[in-house]
2 protein chains.
Amino acid sequence: MTVHSGETTARRGRPGYDRDQVLAVAVQLFNEQGYDATSVADLASRLGLTKSALYHHFSSKEELLAIALETALSGLEAVLDRALAVEAPASDRLTAVISGAVGVLTDELAPVTLLLRLRGNSAVETAALERRRVFDQQVTALVRAAQDEGRIRTDVDAGVATRLIFGMINSVVEWYRPDGRVDPDLLAQDVLRVALDGLHPREQ
Amino acid sequence: MTVHSGETTARRGRPGYDRDQVLAVAVQLFNEQGYDATSVADLASRLGLTKSALYHHFSSKEELLAIALETALSGLEAVLDRALAVEAPASDRLTAVISGAVGVLTDELAPVTLLLRLRGNSAVETAALERRRVFDQQVTALVRAAQDEGRIRTDVDAGVATRLIFGMINSVVEWYRPDGRVDPDLLAQDVLRVALDGLHPREQ
DNA sequence: GTCTATAGAATGATAGAC
DNA sequence: GTCTATCATTCTATAGAC
């Protein structure tokens, strides 16, 4: 794309941002301040760019949101699709979905955080919430199938169980940090332990 | 400062709102739009009042926030204090804290929702977050004590376990509705089942 | 008449548009 | 950079139930 050459700036020789870098900073800022509360001017200021330079990379603020949400949702949906593609008991599929979802969450922490804080204030947001709802329904169906197999207890409603499990998973965005001392793979294991076997010790 | 006691006082003056009604509508609106994004004018408009009428009931917008957060936090802290007051194994205390927290959450849904969405943008908010942090630490200590008793598995870190359990509990604000079809007492029971015994059936 | 809930107008501060 | 809209807040006064 064209370089803005008409402006005299002090950032001579400084490499510009590419699309992905702008997106990453934008999502970070959205998570810090909230999407609505973040103006394009805020983002430009954080990047050290002008607004017009930003619009070289993206056509609108909402496009940044849409791309980030696509990253989060397609990651979660891919986990579910992979689990449903293999021939296996529902309870094994459910295990794969749970640990896979934790993996997406830790790998794509910022986009998933953005997704989980949506309130449905625009068409893009409601569309994303609808995709979450479909995802939830598919997982609920999986829980119900595992109940029919006798591998998931039936004294908890499948819908409630699904919401509780994903409540546990999703809450990880509130405290997990990639540079922290919790390993993402061990975290997925811990979530499986608590969700499936519970905190009480099992006598073997 | 006075704590409302819920008695229906015959209102004097022209028909209008009392302090509790204003507070309830305010917290509702804060949860819909976000605290920062809600102006006093928005609230006045929702109530069908002028802004100055609001200031008869409350000295500031932040006071509304502070009272709501006090309701949520004192409810949670009371649950913990009651659990720690009785002489009982840590694992029984933990059970009481978990089901008690679900009870506070369903009883005081709106204030707790507001608490859980805080980002720490002001002194009032950071103070509330600090009280949450202390609460978390005390629960973590309880989990650790229950581990020492052999009643909680030790292959999951106490801090991680506490965060996962409260992630599950707190996520209830995202979908629980008082007029819905999920009974709050049964919900507390379900949370205990999933958290302590897990979704896998236990052989008796 | 007194108490409570209310309205109207105005202030200073600030964020965003231009 | 200036201008304007909007913000939270305050002061003064009124309207209605007991």
Side-chain angles (χ1 to χ4, degrees), chain A residues 4 6-11 22 25-26 28-65 119 121-122 124-125, chain B residues 1-71 110-111 114-115 117-128:
Chain A
H4 242 65
E7 301 172 350
T8 54
T9 64
R11 48 194 177 78
V22 169
V25 173
Q28 166 88 22
L29 198 58
F30 292 160
N31 283 333
E32 286 175 20
Q33 306 184 345
Y35 173 74
D36 287 326
T38 303
S39 68
V40 174
D42 290 337
L43 178 55
S45 160
R46 170 69 65 99
L47 287 161
L49 296 179
T50 60
K51 285 195 281 185
S52 58
L54 264 184
Y55 280 102
H56 259 288
H57 296 288
F58 293 96
S59 64
S60 69
K61 177 183 162 188
E62 199 168 44
E63 187 188 4
L64 289 161
L65 175 66
R119 308 296 313 155
N121 297 325
S122 68
V124 168
E125 297 190 19
Chain B
M1 275 312 247
T2 324
V3 177
H4 56 275
S5 48
E7 82 255 21
T8 49
T9 48
R11 251 195 315 283
R12 300 173 59 167
R14 63 173 122 176
Y17 295 95
D18 66 15
R19 201 176 156 88
D20 283 345
Q21 290 172 314
V22 169
L23 180 63
V25 174
V27 174
Q28 167 92 20
L29 198 58
F30 292 161
N31 282 334
E32 286 175 21
Q33 305 184 344
Y35 173 75
D36 286 324
T38 302
S39 70
V40 176
D42 289 338
L43 178 55
S45 163
R46 170 68 66 101
L47 288 162
L49 296 178
T50 59
K51 288 187 287 180
S52 56
L54 276 183
Y55 280 95
H56 172 72
H57 297 284
F58 293 96
S59 65
S60 70
K61 179 184 165 186
E62 200 169 41
E63 187 188 5
L64 288 161
L65 176 65
I67 293 176
L69 296 180
E70 179 61 35
T71 301
L114 192 58
L115 173 67
R117 291 189 184 156
L118 288 192
R119 310 296 316 158
N121 296 325
S122 68
V124 168
E125 297 191 20
T126 51

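Chain letters run A, B, ... following the sequence lines, proteins first and then strands; every chain starts at 1. Predicted, not measured: the structure shown is a model, and the values here were computed from it. Reckoned from all heavy atoms, side chains included, excluding hydrogens, waters and symmetry mates.
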- Message: Let me spell it out: for each of A/Ala37 and B/Leu54, pick the nucleotide of DNA chain C with the closest heavy atom. Which residue's pick is nearer the 5' end?
- Response: B/Leu54
- Mind calculating the distance between CG (B/Leu65) and C1' (D/dA8) to the nearest angstrom? 15 Å
- Check whether any side-chain nitrogen or oxygen of B/Tyr55 sits under 4.0 Å from OP1 or OP2 of D/dT9, and answer yes or no. yes
- Task: Please examine the side chains of B/Val27 and B/Thr71, heavy atoms only from C-beta on, and report whether any two atoms are closer than 4.5 Å.
- Result: no
- Which nucleotide sits closest to the side chain of B/Ser39: C/dA5, D/dC11, D/dC7? D/dC7
- Message: Assess, by modelled atom type and distance only, whether the side chains of A/Asp42 and A/Ser39 contain a donor and an acceptor separated by less than 3.5 Å.
- Response: yes
- Task: Tell me which nucleotide among C/dA5, D/dC7, D/dT9 gets nearest to the side chain of B/Lys51.
- Result: D/dT9
- Stepwise, does the side chain to side chain contact (heavy atoms under 4.5 Å, CB included) test hold for B/His56 with B/Tyr17? CA-CA 11 Å; B/His56 172 72; B/Tyr17 295 95; over 6 Å; no
- note: B/Asp42, atom CG; D/dT6, atom P; distance rounded to Å ~ 11 Å
- Per B/Thr50 side chain, nearest of listed nucleotides C/dA7, C/dA5, D/dT9: C/dA7
- Task: Kindly point out which of C/dA9, C/dT6, D/dA8 is positioned nearest to the side chain of B/Lys61?
- Result: D/dA8
- Whole Å only: how far is the CZ atom of B/Arg19 from the C1' atom of C/dA5? 14 Å
- Message: Is there a side-chain contact between B/His56 and the phosphate of D/dT10, meaning an N or O under 4.0 Å from OP1 or OP2?
- Response: no
- Mind listing the closest non-hydrogen atom pair of B/Ile67 and B/Arg19 along with its distance? CD1-NH2, 3.3 Å
- Between P of D/dC7 and CD of B/Gln33, the distance in whole Å: 11 Å
- Query: For B/Asp36 and C/dA15, what is the distance between atoms CG and P respectively, to the nearest whole Å?
  - Reply: 12 Å
- Side chain of B/Val40 only, please: which of C/dA7, C/dA5, D/dA8 is the nearest? D/dA8
- Message: Whole angstroms only, please: what is the CG-P distance between B/Leu49 and C/dG8?
- Response: 11 Å
- From B/Asp36 CG over to B/Glu125 CD, what is the distance, rounded to the nearest 0.5 angstrom? 6.0 Å
